[in-house]
Amino acid sequence: MTAQILDGKALAKTMSRELAEQVAAFEQAHGWAPGIAVVQVGADPASSWYVKQINKSFTGVGMRFALHTLEADAQADALTGLIQQLNADPQTNGIIVQMPLPKHLPQSLVTDTLDPRKDVDGIHPINAGRLLQQSGDFYAPATPAGGMEILRRYGIDLKGKHAVMVGRSNIVGRPMALLMLHEHATVTICHSRTRDLQSITRQGDILVAAIGKAKMITADMIRPGAVVIDFGVNVVDDKLQGDVDTEAAMEVAGYITPVPGGTGPMTNVMLITNTLTAARRQVGE
Ligand code: NDP
């Protein structure tokens, strides 16, 4: 068997075109385009690279992008003051604070200050709680939202399926498990203390990896014909590798997201989607 590729890169392009049309319609109706503010403390190279990608993706669909930088030794009140200023700005519809923050600034400073209505990457406890309860307006974190969008657009129905999630972080594994549960999958969550991981992963009609360990999911851990979603981004010998051994998994799985070109390109598209949704909600649409 050779698995069908779930082409996140192509899907992200298609969605960007759709979003550009929706942004243009919003701008025509309101006289301004939705905008995101990115806050970066210090100048971590990986973070700077990611900020550039966000800029390109947002401006590419006609949205506004503003970068606000603080020195690496900035004090807590400078960060919270900036977030409050952005919370109050009616034309800043979404706010992202780049992680990781320097050690002297706890992440709780951000979650305690950020307006949940502008929290387009779903890190605020109000958004996380509403996702958990599946109630009210909320923003799901962009990465798992992108994985779900791939499943949806490829017509992969989760109802009644056994979905096995490996990883339970607040930004990927845990919200992905909840999103799959909301689509009526039977969900098992595995983590570093899970015993006999392989016996569980092999039960998955859908197997999702968000681990951060290159090629940890080997072909013998995959149920024949399973749908494999790989969120892993690991740099090995200057190359990107997923958490799944893609080449070997291709011979067993029914569908698979490649790395690169699978879940990665979808993250920014979902950030744009969430920011457009935030702008619409903020103008009462
Ligand atoms: P974290 O390090 O926060 O979480 C990793 C999870 O994997 C933890 O729950 C951990 O378990 C679990 N884990 C670690 N080792 C094992 C093991 N041997 N067996 C089973 N479970 C294990 O990572 P993130 O969730 O932030 O990221 C996961 C991956 O996704 C990374 O490669 C990251 O680069 C990538 N990523 C990709 C994005 C994208 O846009 N596609 C965006 C964000 C992240 P425990 O909880 O017990 O420690």
Side-chain angles (χ1 to χ4, degrees), residues 5-9 11-12 15-16 38 44-47 49-54 56-58 96-101 107 111 120-123 128 131 139-151 163-180 187-204 207-218 220-222 228-246 249 256-274:
I5 294 286
L6 299 170
D7 189 343
K9 195 174 170 189
L11 181 53
M15 285 185 68
S16 293
V38 176
D44 173 69
S47 166
W49 179 86
Y50 186 53
V51 169
K52 265 191 205 152
Q53 301 303 311
I54 298 176
K56 217 167 110 185
S57 316
F58 273 74
I96 292 178
V97 180
Q98 281 297 108
M99 301 291 168
L101 290 167
Q107 193 181 331
T111 46
V120 288
D121 204 14
I123 63 165
L131 167 63
Y139 300 99
T143 297
M148 292 303 291
E149 192 65 20
I150 290 176
L151 291 169
V164 175
M165 177 72 238
V166 188
R168 57 174 168 178
S169 74
N170 282 334
I171 58 159
V172 193
R174 207 176 293 238
M176 184 68 186
L178 288 169
L179 290 166
M180 294 192 290
V187 181
T188 302
I189 306 177
C190 304
H191 46 78
S192 66
R193 322 285 162 86
T194 297
R195 274 183 268 165
D196 194 6
L197 182 64
Q198 178 177 1
S199 72
I200 301 171
T201 57
R202 278 189 68 87
Q203 293 173 33
L207 175 60
V208 186
I211 310 163
K213 293 192 171 150
K215 294 190 178 183
M216 205 197 95
I217 303 293
T218 48
D220 55 358
M221 296 172 80
I222 299 168
V228 178
I229 303 290
D230 186 357
F231 286 115
V233 178
N234 309 288
V235 181
V236 180
D237 298 332
D238 286 337
K239 281 194 182 149
L240 281 191
Q241 272 182 8
D243 289 338
V244 177
D245 182 352
T246 314
I256 191 165
T257 56
V259 177
T263 56
M266 291 297 289
T267 295
N268 278 351
V269 171
M270 298 316 292
L271 266 186
I272 295 171
T273 304
N274 282 354

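Position 1 is the first residue of the sequence; numbering continues from there. Remember, it's 1-based here, ligands and their atoms both numbered in the order they're listed. Just so we're clear, the structure is a prediction, and the values are computed from it rather than from any experiment.
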Looking just at side-chain N and O atoms, do S199 and D196 make a donor-acceptor pair shorter than 3.5 Å?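 A pair is found: one side chain offers a donor N or O, the other an acceptor, under 3.5 Å apart.
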For the residue pair D121 / N274, report whether a side-chain donor-acceptor contact shorter than 3.5 Å exists.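 On atom types as modelled, these side chains do not qualify, holding no pair under 3.5 Å.
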Polar pairs, ligand 1 vs protein, N/O only, below 3.5 Å.
unit_1   : atom_1 : unit_2 : atom_2 : d
ligand 1 : 9 (O)  : R168   : N      : 2.8
ligand 1 : 11 (O) : S192   : N      : 3.2
ligand 1 : 15 (N) : K213   : NZ     : 3.1
ligand 1 : 21 (N) : H191   : O      : 3.4
ligand 1 : 21 (N) : S192   : N      : 3.4
ligand 1 : 25 (O) : S169   : OG     : 2.5
ligand 1 : 30 (O) : F231   : O      : 3.1
ligand 1 : 32 (O) : V233   : N      : 2.9
ligand 1 : 34 (O) : V233   : O      : 3.3
ligand 1 : 40 (O) : T143   : OG1    : 3.4
ligand 1 : 40 (O) : T267   : OG1    : 2.8
ligand 1 : 46 (O) : R168   : NE     : 2.7
ligand 1 : 47 (O) : R168   : NE     : 3.4
ligand 1 : 47 (O) : R168   : NH2    : 2.8
ligand 1 : 47 (O) : S192   : N      : 3.1
ligand 1 : 47 (O) : S192   : OG     : 2.5

Audit row: Q203, T188, side chain to side chain contact (heavy atoms under 4.5 Å, CB included) steps and yes/no: CA-CA 10 Å; Q203 293 173 33; T188 302; 5.8 Å; no
Check whether any side-chain heavy atom of I123 sits under 4.5 Å from a side-chain heavy atom of N170, and report yes or no.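 No; the side chains remain at least 4.5 Å from each other.
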Would you mind reporting whether T257 and M266 have side-chain heavy atoms less than 4.5 Å apart?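 No; the side chains remain at least 4.5 Å from each other.
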Any idea which heavy atoms bring I150 and L11 closest together, and the distance?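 Residues I150 and L11, closest heavy atoms: CA-CD2, 3.8 Å.
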